[in-house]
Number of protein chains: 2
Amino acid sequence: MVQYQSSHLDASFAALSDATRRGILERLGRADASISELAGTFRMSLTGMKKHIGVLEQTGLVRTEKAGRVRTCTLGPRSLDEAAEWLERYRQLWHERFNELDKIVEELQRVRRVDAPTP
Amino acid sequence: MVQYQSSHLDASFAALSDATRRGILERLGRADASISELAGTFRMSLTGMKKHIGVLEQTGLVRTEKAGRVRTCTLGPRSLDEAAEWLERYRQLWHERFNELDKIVEELQRVRRVDAPTP
DNA sequence: CATATACTGAACCATATGGTTCAGTATCAA
DNA sequence: TTGATACTGAACCATATGGTTCAGTATATG
C-alpha cells in the first residue's frame with residue numbers, strides 16, 4: 001500500500017467515518033467527559049470506548065489526562081483544518097466541473113434553438 | 001453496530017480516508033477518465049481501480065457510464081456538502097471551546113498579577 | 001475471422017476495525 | 001482494611017478494506 005505524505009489526512013477522515021466518534025467530538029464540544037461517562041452515553045463497554053478515544057487521540061482530535069482513577073477527555077489540540085481545506089478544494093473542483101457542464105448544456109440549447117427555431 | 005441515520009456521512013468520510021481515492025477525485029476534477037487510465041496513473045491493477053471507483057460511485061461522488069468497451073468516470077452528482085457542513089459545525093464547537101480556554105487562561109493571568117504584582 | 005483491448009467477477013490474502021469478555025491494577029471512600 | 005469504582009490490556013471474533021491473480025466476456029480493429 002503506497003502511502004505518500006498524506007497519512008494524517010487519511011487518519012482524520014478515517015476518524016470521522018464512524019458515527020460514534022463524531023458523536024464523541026460533538027459531546028466533548030459541549031463539555032469534557034470521562035471515559036465511563038462517554039461509555040454510558042454511547043451504550044458501549046468501557047474498553048470499546050477507550051479504543052475510540054485512542055483513535056481520536058492519535059489523530060490529535062482529542063486530548064486526555066488522567067487524574068487519580070479518572071481519565072478526562074477534552075477536544076484536542078489538532079483541529080480539522082487540513083481536512084476542511086481538502087474538502088473546500090474538492091468542492092471548488094466540483095463546482096468548476098459543473099459550471100463547465102452548465103455551459104455545455106446552454107450551448108446545446110442555443111444550437112438546438114438555431115437548428116429549429118420556434119415557428 | 002448501531003447505525004442511526006448517519007450512514008451517508010459515514011460513507012463519505014470513509015471514501016475520503018484513502019489517499020488514492022482522494023487522488024482520483026482530484027484527477028476527475030481536471031478531466032474525465034476511463035478505468036484503465038486511472039489504473040495507469042495510480043499504478044494499480046484494473047480490478048483494484050474498479051473497486052475504488054465502486055466505492056466512490058456508491059457514495060455518489062463519482063458517476064460512470066460505459067460506452068462500448070470503455071467506462072468513463074466523471075465527478076458525480078453528490079457533492080461533499082454534508083461532510084463539509086459537519087466539519088464546519090465541529091470547527092465551530094472547537095473554536096468555542098478554545099476561546100473559553102483562552103478566557104480561563106486570561107483570568108488565571110489576571111489573578112496571578114493581582115496576587116503577585118510586579119515590584 | 002483473429003487478435004488485442006477494456007472491463008468484469010470470483011476467489012484469495014493480509015491486515016484493520018469495531019466490538020466483546022475476562023482478568024487484572026490503581027485509587028477513592030467508609 | 002475492605003470494597004467499589006475507573007480504567008487498562010490481552011485475547012478473541014466477525015466483518016470490512018485494499019489489494020492481488022486468474023479466468024472470463026464484450027467490443028474494436030486489421
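In what follows, every heavy atom counts, from backbone to side chain, and hydrogens, waters and symmetry copies are set aside. Since the structure is predicted, the reported quantities are computational estimates derived from the model, not experimental observations. Protein chains get the first letters and strands the later ones, always in sequence-line order, with residue 1 at the start of each.
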Whole-Å distance between D:dA16 P and B:Gln58 CD? 12 Å
Show each protein N/O and nucleotides 6-12 of chain D N/O combination with a separation under 3.5 Å, one pair to a line.
| from | atom 1 | to | atom 2 | distance (Å) |
| --- | --- | --- | --- | --- |
| D:dC7 | OP1 | A:Ile35 | N | 3.4 |
| D:dC7 | OP1 | A:Arg71 | N | 3.2 |
| D:dC7 | OP2 | A:Ser36 | N | 2.8 |
| D:dC7 | OP2 | A:Ser36 | OG | 2.3 |
| D:dC7 | O3' | A:Lys66 | NZ | 3.1 |
| D:dT8 | OP1 | A:Arg71 | NE | 2.8 |
| D:dT8 | OP1 | A:Arg71 | NH2 | 2.6 |
| D:dT8 | OP2 | A:Arg71 | NE | 3.3 |
| D:dG9 | OP2 | A:Lys50 | NZ | 3.2 |
| D:dG9 | O6 | A:Thr47 | OG1 | 3.0 |

B:Phe13 has an atom CZ; how far is it from atom P of C:dT17, in whole Å? 17 Å
Qualifying residues under side chain to side chain contact (heavy atoms under 4.5 Å, CB included), relative to B:Thr72, sequence neighbours excluded: B:Asp32, B:Val70
Taking CG from B:Asp10 and P from D:dT17, how many angstroms apart are they, rounded to a whole number? 11 Å
Would you kindly give the CG-to-C1' distance between B:Asp18 and C:dT15, to the nearest whole Å? 14 Å
Roughly, in whole Å, what's the span from CZ in B:Arg43 to C1' in D:dG19? 17 Å
Nucleotide D:dG18, atom P - distance to CZ of B:Arg21 in whole Å: 4 Å
OP1, OP2 of D:dG19 versus side-chain N and O of B:His52: anything below 4.0 Å? yes
A:Trp94 side chain vs B:Leu80 backbone, donor-acceptor pair below 3.5 Å: no
Sorted by first residue and then second, give each salt bridge (charged side-chain N to carboxylate O under 4.0 Å, His left out) pair with at least one member in residues 67-80 of chain B; sequence neighbours left out. B:Arg78-B:Glu82
Quick one: label B:Gly48 by what it contacts on the DNA or RNA (base, sugar-phosphate, nothing), any heavy atom closer than 4.0 Å. base
Would you say that B:Leu87 contacts A:Leu87 through its side chain, given a criterion of any heavy-atom pair below 4.5 Å between the two side chains? yes
Kindly state each residue pair satisfying salt bridge (charged side-chain N to carboxylate O under 4.0 Å, His left out) with at least one member in residues 33-58 of chain A, sequence neighbours excluded. A:Arg27-A:Glu37
Contacts satisfying ring pair (Phe, Tyr, Trp, His ring centres under 6.0 Å) that involve residues 52-89 of chain B (not counting sequence neighbours) are B:Trp86-B:Tyr90
Mapping A:Gly68 and A:Ala14 onto DNA chain C by nearest heavy atom, which one lands closer to the 5' end? A:Ala14
Let me know the distance between CG of A:Leu16 and P of C:dT17, rounded to the nearest Å. 14 Å
